[in-house]
2 protein chains.
Amino acid sequence: MQKQETLSRNQKIILDLIEKSDQPLKAYSILFDVKKKGINAPLQVYRALDKLVEIGKIHKIESRNAFIACKNSKCQIAKATVFSICESCEDVTEIHDHKLSEHLRNFKDNKGMKYNKYNLEFFGLCKKCI
Amino acid sequence: MQKQETLSRNQKIILDLIEKSDQPLKAYSILFDVKKKGINAPLQVYRALDKLVEIGKIHKIESRNAFIACKNSKCQIAKATVFSICESCEDVTEIHDHKLSEHLRNFKDNKGMKYNKYNLEFFGLCKKCI
DNA sequence: TTAATTTTTGTTATAATATAACATAATGTA
DNA sequence: TACATTATGTTATATTATAACAAAAATTAA
Ligand SMILES: [Zn+2]
Ligand SMILES: [Zn+2]
Ligand SMILES: [Zn+2]
Ligand SMILES: [Zn+2]
């Protein structure tokens, strides 16, 4: 079973917002949206985001500095993410491909490095934008 | 043959600096270092970085907002990068693994998306830091 | 070799992203 | 309770990146 984290008030508010969007949100756009709920400072947002990323409820899209909710309940996935990003409309989709995940999870470099996490971002054009 | 780009003065200065480092450099640390050569503004650095990324001479490590020289002369690699990153000492290494590259290059999602580029970052502990 | 075009540069200002430092409150645990 | 841990609120500041405009240099194409 997945460890059930109890979220704090700010964390809940911000997770809620991110989960309502199917696309990544940026920190300052989140800040703007939660001001009506009494969250006033960037740091309050970033602290909640950090925590939510840490427990795998959301992921950061590194190339976009944006945050998207994870739809997958498997906790391990928090540290092993694959995204596809349309460079035209900026649509982002999390990819869950068993074979690809296995391949990446089992990858060993020739330096003896021990990986505990990876992030893969594919870029291209989505169906609509081709 | 690889297209031989002629670099401008600023581009050369900045590429030179990045190539001398085996680890990623951040834009403002680059700016600090090239001030003695008459490059005074962030934009001058970012413009050169953009160009160098575009032609594949350097790559951006997205999770670190830093730039590293590409050692691989195959031009295609510019848009298909794999890095390993030590979360303790921050050592970054570009990975060239034929099998992994093939796997990624051939990956097709179930959305009909056409990829022209990807970036993969592995995180863990290097030998020294284990 | 001029004229048009594109690329690069220089410069100032500002936008966007993220963290430091400190004080306090709430929560979990022995 | 007492202690430790986690979360909050707040102000200030650090870091990363781009906008807008003018001018110079390099390239291309009559
Ligand atoms: Zn996920
Ligand atoms: Zn699209
Ligand atoms: Zn490379
Ligand atoms: Zn290390």
Phosphate contact ([N] OP1 or OP2) by [X] side-chain N/O below 4.0 Å:
X: Lys51(A); N: dT6(D); answer: no
X: Ser8(A); N: dT8(D); answer: yes
X: Lys26(A); N: dA16(C); answer: no
X: Lys60(B); N: dA17(D); answer: yes
X: Asn65(B); N: dA17(D); answer: yes
X: Asn10(B); N: dT9(C); answer: yes

Looking for any heavy atom pair under 4.0 Å, which part of the strands does Gln11(A) touch: base, sugar-phosphate only, or nothing?
->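 Answer is sugar-phosphate: Gln11(A) comes under 4.0 Å of backbone atoms only.
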
First encountered from the 5' end of DNA chain C, between Pro42(A) and Gly38(B) |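 Checking each residue's closest nucleotide, the 5'-ward one belongs to Gly38(B).
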
May I ask you to say whether Glu102(A) pairs ionically with Arg105(A), meaning some side-chain N is under 4.0 Å from a carboxylate O?
->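 Yes, this pair counts.
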
Salt bridge or not for Glu121(B) and Arg64(B), using N-O below 4.0 Å?
->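 So Glu121(B) does not pair with Arg64(B) through a salt bridge.
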
Is Glu87(B) reaching over with its side chain to a backbone N or O of Leu125(B), donor-acceptor style, under 3.5 angstrom?
->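 Pair absent, no side-chain N/O of Glu87(B) close to backbone of Leu125(B).
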
Interatomic distance, [X] [atom1] vs [N] [atom2] [rounded to whole Å]:
X: Tyr46(A); N: dA16(C); atom1: OH; atom2: C1'; value: 8 Å
X: Lys35(A); N: dT8(D); atom1: NZ; atom2: P; value: 17 Å
X: Ile39(A); N: dT8(D); atom1: CD1; atom2: P; value: 8 Å
X: Phe32(B); N: dT16(D); atom1: CZ; atom2: P; value: 15 Å
X: Arg9(B); N: dA25(D); atom1: CZ; atom2: C1'; value: 13 Å
X: Lys37(B); N: dT8(C); atom1: NZ; atom2: P; value: 20 Å
X: Glu62(A); N: dT16(D); atom1: CD; atom2: C1'; value: 14 Å
X: Leu43(A); N: dA20(C); atom1: CG; atom2: P; value: 9 Å

Counting side-chain heavy atoms from C-beta on, which of dT9(C), dT19(C), dT10(D) comes nearest to Gln44(B)?
->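 Minimum distance to the Gln44(B) side chain belongs to dT9(C).
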
Selected nucleotide, minimal atom distance to Arg47(A) side chain, candidates dA16(C), dT9(C), dT8(D) =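 That would be dT8(D).
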
Shortest non-hydrogen contact between Asp22(B) and Lys71(B), atoms and distance =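 Closest pair (atom of Asp22(B), atom of Lys71(B), distance): CA-NZ, 4.2 Å.
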
Transitively linked via ILVMFWY side-chain contacts under 4.5 Å: Ile130(B) with Phe122(B)?
->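 As far as the 4.5 Å side-chain criterion goes, Phe122(B) and Ile130(B) are not connected within one cluster.
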
Do the side chain of Tyr28(B) and the base of dA17(D) come within less than 3.5 angstrom through a donor-acceptor pair of N or O atoms?
->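 Per atom types, the contact qualifies.
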
